[in-house]
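Given the structure is predicted, the values throughout are model-derived calculations rather than measurements. Numbered from 1 within each chain, the chains take letters A, B, ... in sequence-line order.
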Amino acid sequence: MSKGPRAETFIFLDLEATGLPSVDPEIAEICLFAVHRSSLENPEYDESGAPMLPRVLDKLTLCMSPERPFTAKASEITGLSSEGLARCRKAGFDNAVVQVLEAFLSRQEGPLCLVAHNGFDYDFPLLCTELRRLGAHLPRDTICLDTLPVLRGLDRAHSHGTRAQVGKGYSLGSLFRRYFQAEPSAAHSAEGDVHTLLMVFLHRAPELLAWADGQALSWAHVKPMYVPSDGPSLEA
DNA sequence: TGCCAGGCCCTCTTTAGGGCCTT
């Protein structure tokens, strides 16, 4: 059941924000790694047999000052704070961010596939909220892949009823530790988590690419996490 | 300087409850 076009570039995405969906969070850091399909289909491996990061890789990381405060937990785990961002004179998620984002994406061969871990419940709706607030849009043929339900589903299918994999942790860190017997680096920095996400993807690339080709959902299906009640919503 | 959303999954299930996963 194909729901979208075949993606030529995969955009690995992670957001750090002021909290979980319950607090109507705002984005404080965004990171995207753009990887062409060819690099995912033909990964290189190091001497230990682990996949190597593609040599041809576009990266974008931006920090921004949210208007609302961080929850204590969000600030603790991300290392970001309103004070720290303000001290560095970071503007918010504004039209300049949108322009940089659009420029970054426009130089990737489309169609694009956004990839995030728990993306449908967090990163995609939150990004959708921020883009809509500014009247911005992603390319219409953009599709989305959420590695959390897809990897769970693939393992469940492979277990043939043994449930060998099902029930184990599927957090991004758990997957990385399971696949590579190593600790992920820089957890809860946006770039660190995107790096971890890409490595996890590379470990299962043939299956995930096939899944993306057949079952990825359109970005048009993503609903905003919430509708902002304030902010520069009318300036776009 | 906001403790709390919600869809999915598992099981001691299905007349339900609890944990995961994202910050």
Side-chain angles (χ1 to χ4, degrees), chain A residues 11-33 61-88 90 92-93 114-130 144-179 184 186-198 200-201 204 208 211 215-217 221-231:
Chain A
I11 307 293
F12 295 85
L13 164 74
D14 187 63
L15 305 176
E16 303 304 322
T18 55
L20 291 172
S22 54
V23 300
D24 290 358
E26 291 180 57
I27 298 173
E29 187 181 30
I30 183 170
C31 179
L32 303 94
F33 284 12
T61 303
L62 298 171
C63 290
M64 55 212 74
S65 291
E67 294 186 348
R68 272 167 284 180
F70 285 77
T71 64
K73 188 68 176 177
S75 195
E76 176 192 335
I77 66 174
T78 66
L80 296 170
S81 66
S82 298
E83 296 87 345
L85 291 160
R87 191 183 316 121
C88 296
K90 294 302 176 191
F93 194 109
L114 297 187
V115 183
H117 197 64
N118 203 26
F120 279 115
D121 281 340
Y122 193 79
D123 301 84
F124 301 151
L126 180 51
L127 181 61
C128 184
T129 288
E130 299 277 30
C144 303
L145 188 159
D146 182 343
T147 45
L148 174 60
V150 175
L151 288 174
R152 270 184 179 148
L154 288 171
D155 287 344
R156 200 163 48 244
H158 292 163
S159 70
H160 299 296
T162 67
R163 300 187 181 275
Q165 290 286 337
V166 181
K168 287 188 176 178
Y170 280 82
S171 68
L172 191 58
S174 294
L175 290 166
F176 185 88
R177 282 186 285 271
R178 192 183 310 157
Y179 293 166
H188 287 301
S189 77
E191 183 163 348
D193 283 348
V194 173
H195 177 274
T196 301
L197 173 64
L198 175 51
V200 164
F201 190 101
R204 306 287 295 270
L208 291 170
W211 195 96
Q215 300 181 68
L217 286 173
H221 286 97
V222 174
K223 300 285 187 288
M225 184 179 284
Y226 61 96
V227 178
S229 58
D230 52 6

K.L.:
Given atom CG of A:L217 and atom P of B:dC8, what is their separation to the nearest angstrom?
P.N.:
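Going from CG in A:L217 over to P in B:dC8 covers 11 Å.
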K.L.:
Taking the nucleotide of DNA chain B with the nearest heavy atom to each, does A:G153 or A:F70 sit closer to the 5' end?
P.N.:
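Here A:F70 is the residue nearer the 5' end.
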K.L.:
Suppose we screen for ring pair (Phe, Tyr, Trp, His ring centres under 6.0 Å). Which residues come up paired with A:Y122, at least two apart in sequence or across chains?
P.N.:
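Residues passing ring pair (Phe, Tyr, Trp, His ring centres under 6.0 Å) with A:Y122: none at all.
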K.L.:
Can you list everything that forms a salt bridge (charged side-chain N to carboxylate O under 4.0 Å, His left out) with A:E130? Sequence neighbours excluded, please.
P.N.:
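With sequence neighbours excluded, A:E130 shows a salt bridge (charged side-chain N to carboxylate O under 4.0 Å, His left out) to A:R133, given in chain and number order.
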K.L.:
Give me the distance, rounded to whole Å, that separates B:dC8 from B:dC4 when you measure between the P atoms they each carry.
P.N.:
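Their P atoms lie roughly 24 Å apart.
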K.L.:
If we count only N and O atoms by modelled type, under 3.5 Å, do the side chains of A:T147 and A:H117 hold a donor and an acceptor together?
P.N.:
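Per modelled atom types, A:T147 and A:H117 side chains form a pair under 3.5 Å.
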K.L.:
If the C1' atom of B:dA5 is compared with that of B:dC12, how far apart are they to the nearest Å?
P.N.:
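Here B:dA5 and B:dC12 have their C1' atoms 27 Å from each other.
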K.L.:
I'd like the C1' distance from B:dC9 over to B:dG2, given in whole Å.
P.N.:
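Taking atom C1' in both B:dG2 and B:dC9, they lie 29 Å apart.
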K.L.:
Between the protein and nucleotides 20-23 of chain B, which nitrogen or oxygen pairs come in under 3.5 angstrom?
P.N.:
{"unit_1": "B:dC21", "atom_1": "OP1", "unit_2": "A:Y170", "atom_2": "N", "d": "2.2"}
{"unit_1": "B:dC21", "atom_1": "OP1", "unit_2": "A:S171", "atom_2": "N", "d": "3.2"}
{"unit_1": "B:dC21", "atom_1": "O2", "unit_2": "A:N118", "atom_2": "ND2", "d": "3.4"}
{"unit_1": "B:dT22", "atom_1": "OP1", "unit_2": "A:L172", "atom_2": "N", "d": "2.8"}
{"unit_1": "B:dT22", "atom_1": "O4'", "unit_2": "A:N118", "atom_2": "ND2", "d": "2.8"}
{"unit_1": "B:dT23", "atom_1": "OP1", "unit_2": "A:D14", "atom_2": "OD1", "d": "3.3"}
{"unit_1": "B:dT23", "atom_1": "O4'", "unit_2": "A:Y122", "atom_2": "OH", "d": "3.2"}
{"unit_1": "B:dT23", "atom_1": "O3'", "unit_2": "A:E16", "atom_2": "OE1", "d": "2.8"}
{"unit_1": "B:dT23", "atom_1": "O3'", "unit_2": "A:A17", "atom_2": "N", "d": "2.9"}

K.L.:
Any side-chain to backbone donor/acceptor pair from A:D146 onto A:N118? Under 3.5 Å, distance only.
P.N.:
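Checking the backbone N and O of A:N118 against the side chain of A:D146, a donor-acceptor pair under 3.5 Å is found.
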K.L.:
Taking atom P in both B:dG7 and B:dC3, what distance in whole Å separates the two?
P.N.:
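Per the computed distance, 22 Å lies between those P atoms.
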K.L.:
Indicate the atoms forming the closest heavy-atom contact of A:E16 with A:L80, along with that distance.
P.N.:
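For A:E16 versus A:L80, the nearest heavy atoms are CB-CD1, 4.0 Å.
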K.L.:
How far does the P atom of B:dT23 sit from the matching atom of B:dG18, given to the nearest Å?
P.N.:
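Straight-line distance between the two P atoms is 26 Å.
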